[in-house]
Every structure is written in structure tokens, then in C-alpha cells.
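Below: the structure, in C-alpha cells.
Quantities reported herein were computed from a predicted structural model and do not represent experimental measurements. Read the numbers this way: they start at 1 and go in the same order the structure lists the ligands and their atoms.
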Amino acid sequence: MKIPLSRITYVGNEELYSIDAIKTRRLSGSGDYITRFEKLVARKTGRKYCLAVANGTMALELVLRGMGISPGDEVIIPALTFASPAASVMSVGASPVFVDISAENWTIDPREVEKAISPNTKAIIAVDILGHPCDYDKLKEFGIPIIEDAAEAHGAKYKGRPVGSFGKAAIFSFHANKTVTTGEGGCVLTDCSAMAAKMRMIMNHGMSAENRYWHVYPGRNFRMTNLTAAIGTAQTEKWDTLINLRNQIALQYDEVFRESSLSLKPVSSWAKTSCWLYTLYSEERDRILNYLNQQGVDARAIWYPLPDCEAFKNEKRFKYDVAQDVARKAFWLPTFGSLSENDQNRVIQAVLHSLHYEKVN
Ligand SMILES: *Cc1c(COP(=O)(O)O)cnc(C)c1O
């Protein structure tokens with residue numbers, strides 16, 4: 001049987017709460033579970049405000065709209081990440097500017113950010129790539145507003161502080177493959193009451209909170225459904241459990257692969273990482289993946305560098321050779337809380353065989 005890259009792990013009241021939402025007919029974007037879910041996530045990150053939205057990409061777009069980012073503005077983004085940050089900047093008519101990642105931890109390199117700052121720079125989207133927090137003290141020095149994309153990093157910490165708590169605003173994704181999930185879902189976190197109120201309006205048709213059908217902004221509908229938030233509430237009640245389960249899987253992998261010819265993902269000393277997808281890298285990546293896929297293991301290559309993609313070919317970029325190097329060598333192994341010991345051993349054996357196989361030939 002095929003071992004998937006990712007799979008949802010249920011840990012608590014998912015079924016109970018969803019059935020409750022169905023029975024009480026509270027399915028739309030207003031309801032008790034929305035409020036409960038928002039409060040729980042805010043508490044987990046120490047933030048004042050949490051706004052639950054339909055997905056992580058819309059969370060990013062909502063932050064950009066809340067900050068008033070518009071055509072002519074530039075937003076600095078790492079050259080290697082899932083594409084949402086770049087696409088959401090373009091969705092508000094602004095321009096992404098791609099900069100390289102650091103070889104020390106694969107997050108956006110503050111030295112490269114500095115080179116890319118122009119009079120039009122309005123924000124930096126700092127992505128906590130693959131569960132590794134960005135160097136926020138360094139990024140803060142430029143005095144440019146930071147948007148933290150913590151979609152892949154639930155549970156990680158920077159100098160003792162949890163991800164989701166950095167920058168003017170932060171976002172999480174709760175997509176099916178993320179560590180805490182609602183299938184599709186996302187949220188925005190901030191401590192700024194003015195920006196929270198503005199975003200609350202924008203995501204709700206631009207409507208005034210006090211005066212129904214009075215539209216302050218040409219708004220959007222970015223709301224999460226109460227049914228989705230019911231699942232989110234159950235998952236968030238077990239936030240730490242879900243994070244620990246994945247980190248446990250990563251520890252098992254680490255123990256074996258530390259002794260192999262493969263390289264582990266680099267980690268900075270100030271970071272407490274949290275594993276999203278377990279990542280290795282090797283010059284032999286494509287050959288290893290071929291073998292693993294033949295063995296029924298859904299291991300996958302990391303993203304392409306975004307500046308190389310068709311969608312972003314006309315966007316501004318600075319040198320991104322670290323991103324290109326990582327994109328050519330890195331790959332993911334199946335990682336999810338409910339991965340059985342047996343299946344994980346199958347993955348490990350397949351990887352080790354692929355290396356041996358390579359030597360024999
Ligand atoms: C998953 C992800 C998102 C948001 O994804 P959605 O599928 O829209 O929830 C945003 N940024 C990063 C870095 C991601 O990995």
C-alpha cells in the first residue's frame with residue numbers, strides 16, 4: 001500500500017463538534033465555533049486578535065488589504081517558498097520582490113533583504129519555512145513592516161516566543177496538509193486594534209460592524225464557515241499534541257539519517273523548529289525520489305524557485321542562488337501525526353535502500 005506524504009490526524013472532538021454545528025444549523029461564517037476557534041488560536045500565540053478566514057492565502061490577502069498595500073507598492077518575499085505570498089501580493093495589484101534565502105536555515109536572508117529595499121518597499125513577508133522561524137531581530141532593524149507567514153510552522157519558537165506572534169500581523173494556514181488543520185482554512189493574527197477592525201470589515205463585505213449594509217470598504221467575503229471552525233476548535237484544543245506527534249516522527253527520521261550520506265535541513269542555534277514536512281537534501285535527489293515512488297512512498301521534491309516560475313517571470317528579483325541550490329536538492333518524506341511505526345520504518349528502509357542501490361550501480 002502507498003504511504004502518502006500527508007494525512008489528516010484526528011485527535012479529539014472533531015466529529016462531536018461538527019455534528020453539533022450541523023444539528024444546530026450554524027453553518028455560515030458566524031457562529032459560536034468561529035469565536036471559540038479564534039480565541040484559542042489567539043491564546044496559543046499570545047496575540048490580541050485572531051480572524052478566522054477561508055484559507056491561508058486569503059489571510060495573506062486580507063493582511064495586505066488591511067495595510068493598504070496597493071499598485072506601485074513592493075513587498076519583499078523569499079525566492080523559495082510555497083507561492084501564496086507572491087500571488088497574494090499580486091492579487092492586490094502590488095509587486096513581489098524576490099530575494100535569496102539564507103544557507104544557514106533556508107529562511108529569508110536579512111542581508112539580501114537590505115539590498116532589495118527601495119522607496120516603494122511597504123512590507124516584508126517573512127515565511128517561517130518548513131517550521132523554521134525567521135531571524136526577526138535582524139529583520140526588524142530595517143524599520144519596514146513585517147508580515148509573518150507561519151503557515152508551515154505551528155509550534156515553532158524564535159528566542160522563546162511562538163511563531164504567529166511576530167510582525168504587524170501573522171497568518172496561519174489550516175490546509176489539510178498543515179500541522180493543525182480544518183481541511184481548508186486560515187487565520188490572521190495581530191495586536192493592532194485599528195487594523196483588526198479594518199480587516200474584520202474587509203473580510204465581511206466591507207460592512208460596518210455597527211451599521212448593517214453600510215459599506216465602508218468595497219469588501220470581500222473571506223469568512224471561514226462555522227462548520228469548519230468546529231473542526232478547528234477540536235484541533236486547536238489539541239494544538240500541542242498535534243505538534244508533538246510530528247516532531248516525534250521527525251526525531252525518528254533524524255536519528256537514522258544523521259548517520260547517512262544525506263544532509264539534514266540546517267537549523268540556526270536560536271531557533272526551536274517544529275517539523276511540518278520532514279526534509280532532506282542530496283545531490284542524488286531525483287534518483288532517490290524515483291526509487292521511493294516506485295516503492296509506493298509518496299516522497300516529493302521541494303518547490304521550484306518562484307522567480308523561475310511562469311507566473312512570476314516578470315517580477316523583480318535579486319540573486320537567488322541558495323534558493324536554486326536548495327530547490328534542486330531538497331525533498332520531503334511522508335510526515336503526519338498518525339504515521340505508524342511500521343510505515344515509517346518502510347519509508348526509512350526504502351530511503352536507505354535507495355542509497356545502497358545507488359552505490360551498487
Ligand atoms: C500552505 C501555505 C500557505 C497558505 O495556503 P492555503 O492552502 O491557502 O491555506 C501560505 N503560505 C505558505 C508558506 C504555505 O505553506
What is the closest protein heavy atom to [atom], and at what distance does it sit?
atom: atom 11 (N) of ligand 1; value: Asp149 OD2, 2.7 Å
atom: atom 8 (O) of ligand 1; value: Thr57 OG1, 2.5 Å
atom: atom 2 (C) of ligand 1; value: Lys178 NZ, 2.7 Å
atom: atom 5 (O) of ligand 1; value: Ser173 OG, 3.7 Å

Report, in ascending order of atom number, the atoms of ligand 1 lying under 4.0 Å from any heavy atom of [X].
X: Thr81; value: 13 (C)
X: Glu152; value: 12 (C), 13 (C), 14 (C), 15 (O)
X: Val127; value: 13 (C)
X: Asn55; value: 8 (O), 9 (O)

Option from Trp270, Tyr158, Trp106 for which ring-ring contact (aromatic ring centres under 6.0 Å, His included) with His132 holds: Trp270

Is the closest N or O pair between Gly56 and ligand 1 shorter than 3.5 Å? yes

Are any of the heavy atoms in Met58 under 4.0 Å away from ligand 1? no

Would you please determine whether Gly185 falls within less than 4.0 Å of ligand 1 on a heavy-atom basis? yes

Using the ring centroid of each side chain, check whether Tyr281 and Phe331 are separated by less than 6.0 Å. no

Near-ring test Phe37/Tyr17, centroid separation under 6.0 angstrom: no

Is there a donor in the side chain of Ser340 and an acceptor in the side chain of Asn342, or the other way round, less than 3.5 Å apart? no

Is the cationic atom of Arg246 (NZ for Lys, CZ for Arg) positioned less than 6.0 Å from the six-membered ring centroid of Phe336 and within 45 degrees of its normal? no

side-chain hydrogen bond (donor to acceptor under 3.5 Å, both in side chains) assessment of Thr228 paired with Thr225: CA-CA 5 Å; Thr228 300; Thr225 73; 2.8 Å; yes

